Number of protein chains: 2
Amino acid sequence: MFDWDDLRYFVGVADAGSTLKAAARLGANQTTVARRIAALERALGHQLFERGRAGYRLTEVGQRLLAHARPVAAAASAFAAEAAAARRALSGTVRLTVNEIYSEMMLTPLLAGFKAAHPQVRLELDHAHETRDLGRGEADIALRVATRIEGDALIARRIGEDRWTFYCSAAYAAANGKPRDIDALADHPLVGGGGPGVWDIYGRWLAHHAPGLEPVTLYDSSTGLLAAVRAGLGLAALPCLAVADDPALEPCFASGPVRRALWIVTHERTRQSPHIGAAMTYFGDALVRRAARLGLR
Amino acid sequence: MFDWDDLRYFVGVADAGSTLKAAARLGANQTTVARRIAALERALGHQLFERGRAGYRLTEVGQRLLAHARPVAAAASAFAAEAAAARRALSGTVRLTVNEIYSEMMLTPLLAGFKAAHPQVRLELDHAHETRDLGRGEADIALRVATRIEGDALIARRIGEDRWTFYCSAAYAAANGKPRDIDALADHPLVGGGGPGVWDIYGRWLAHHAPGLEPVTLYDSSTGLLAAVRAGLGLAALPCLAVADDPALEPCFASGPVRRALWIVTHERTRQSPHIGAAMTYFGDALVRRAARLGLR
DNA sequence: GGCCGGGGCTGCAAAAATGCAGGACAGGTC
DNA sequence: GACCTGTCCTGCATTTTTGCAGCCCCGGCC
């Protein structure tokens, strides 16, 4: 019987294209990766990869077997996520996943209050770009933008509408004035990027409504994007819920009708845990109040 | 990250109940099994088992995680089956799974002819009691009893009806006479068993139609059951398709109306392979002819 | 044409996993 | 009460795996 752990290397090398890159990603040594692959090939009786100077390329058999190795990898990572979730549940930790652009302005000010109200709960903020699977236990609570939340056993509470508006810094507005509509946008420099989750929405809107316009700079993080706008580098479309009360920013004009809303979401199974329930209530209440204050119900 | 291979030991110990039994089943040393479990617990940060004098008992967390470990094990064994199927395809091997009671009389006489017609094909006969999953590549061709074949991409060819009749040996009939119907059955000794697949059908029929009757002997294999009937030990219900042309056996009376049929089945994906196609045609044709000869269309 | 970087392979020493033998212990059995 | 049997754990020698340090090869670039 082959070593199940070798499937990790199999998938890793197939995805990375070389044992060197795979080793870096898997946190192992190139030699080890090459040897695990060789061992797996010996055990299975198949050559999985074609060795070339350019790297490891899947053989036909390898390709076919890879399709069956992926489910193993998926199941193994689901197992790991479940173990992590159980560990959090036992240690009173709550993992909250949220795009960082919403995190800084909306969540950070609430953390001290939450800590004071629930001193025994440890909070982990997860700003990963990927969407976490709550059903799998990859996170306990998520802040999500969607028209509505779909999922087997997800419990979602609506925070408020997710309106986006073009913003510039107060200093920029004083020096250059503010555009009043899309057509005036061409006379102002645009700052783009913000990472997936922001640029997905913002960039797609730009491409659709103002096809000629190119941002002068692209940031890969939303903190960078925000900092650039605050520093007066130019304009960017930003979610009102997150930045409407930032005194350094001034709204120009709304970027269109609102279809989406921001939701706070958890999983039915994990909501029973008192820590997670407490966090849902605390952050849910506070965020709903915030949305009402900003007129974004 | 934990070692995926340790999940094999996790599931093994959970099922076996002790590291010693698990080690025997997994073909490893008890010490190794215990140490792999300890390593997994360390990596996951959870105690999976309660150690006691009587063996390893799952903790609550262990139970919960076991439910997520099983899918990994299932995916891994599907991967192994796929690799084995690919190996067979490349080496020109065909694996045919069939209950042994059908195998001896129906298939064995055909093997020499098949070998002569297709000398390059290696044939593996699999008499396992479990049903093989053709979709997973656990076998290439199956002989199955069913009212109809259901499955995603299975190709099934009907051989003939699966009628069952009570048989005894010619010598037994000469000495004791033959029962003409169910009611006369009580005056004759019954031989039971035959392993799963035979006793499932035969035993359930007995329990339903002749509740008081107990077999004098139970065999766990169908070769044993057949040999006992041939030796004149008593009567047994047997599939006509398999034994109707056995000169040593005499039919008594049919055990009921026929709902099921015997099918030869393969998977769409594997049928493309010339070896498997050749075997399907050869055995399918020969078995259909046999069924027609015995009047069991 | 020399140089550099990505990639793979080999030899060797260190580290880890494995199997074996032995020991302990609880629960039956004669 | 002596004696199995099934179970787990520990210590030690052996085997296997791993990581590191070189070394080779090839293609692109200055």
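Computed from a predicted structure; not experimentally measured. Protein chains get the first letters and strands the later ones, always in sequence-line order, with residue 1 at the start of each.
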Sorted by chain and residue number, the salt bridge (charged side-chain N to carboxylate O under 4.0 Å, His left out) partners of A/E124 (sequence neighbours excluded) come out as A/R95, A/R122

Cationic N near anionic O, under 4.0 Å, B/R51 to B/E41: yes

B/R35 atom CZ is separated from D/dT16 atom P, nearest whole Å, by 16 Å

Surrounding CD of A/E60 (heavy atoms of other residues, nucleotides or ligands, distance under 6.0 Å), is the total greater than 12? no

For the pair made of OH in A/Y9 and P in D/dT18, what is the distance, rounded to whole Å? 6 Å

Could you check how far CD1 of B/I37 sits from P of C/dT18, rounded to whole Å? 12 Å

Pairing residues for A/H46 by the side chain to side chain donor-acceptor pair (under 3.5 Å) criterion, not counting sequence neighbours: none

May I ask you to list the residues of residues 41-52 of chain A, by number, that have any heavy atom positioned under 4.0 Å from an atom of DNA chain C? A/R51, A/G52

Looking at A/Y56, I'd like to know whether one of its side-chain N or O atoms comes within less than 4.0 Å of OP1 or OP2 on C/dC9. yes

For DNA chain D, which residues in residues 20-33 of chain B have a heavy atom at a distance below 4.0 Å? B/L20, B/K21, B/Q30, B/T31

If you compare every side-chain N and O of A/R36 against the phosphate oxygens of D/dT18 (OP1, OP2), does one of them come in below 4.0 Å? yes

Sequence neighbours left out, what passes side chain to side chain donor-acceptor pair (under 3.5 Å) with B/H275? Give chain and number order. none

What residues form a side chain to side chain contact (heavy atoms under 4.5 Å, CB included) with B/T131, not counting sequence neighbours? B/R144

Salt bridge (charged side-chain N to carboxylate O under 4.0 Å, His left out) pairs touching residues 10-19 of chain A, sequence neighbours excluded, are A/D15-A/R70

Which whole-number value in Å describes the distance from B/R8 CZ to C/dT18 P? 11 Å

Listed partners of B/E104 passing side chain to side chain donor-acceptor pair (under 3.5 Å), at least two apart: none

What pairs with A/T31 under side chain to side chain donor-acceptor pair (under 3.5 Å), at least two apart in sequence or on another chain? A/N29

Under 3.5 Å, which protein N or O atoms sit close to an N or O of nucleotides 3-5 of chain C? Give each pair with its distance.
none

Pairs of donor and acceptor atoms involving the side chains of residues 194-203 of chain A, under 3.5 Å and at least two apart or interchain, shall be tabulated with distances.
from, atom 1, to, atom 2, distance (Å)
A/Y202, OH, A/V191, O, 2.5

Tell me which pairs pass salt bridge (charged side-chain N to carboxylate O under 4.0 Å, His left out) where either residue lies in residues 27-37 of chain B, with sequence neighbours left out. B/D6-B/R36

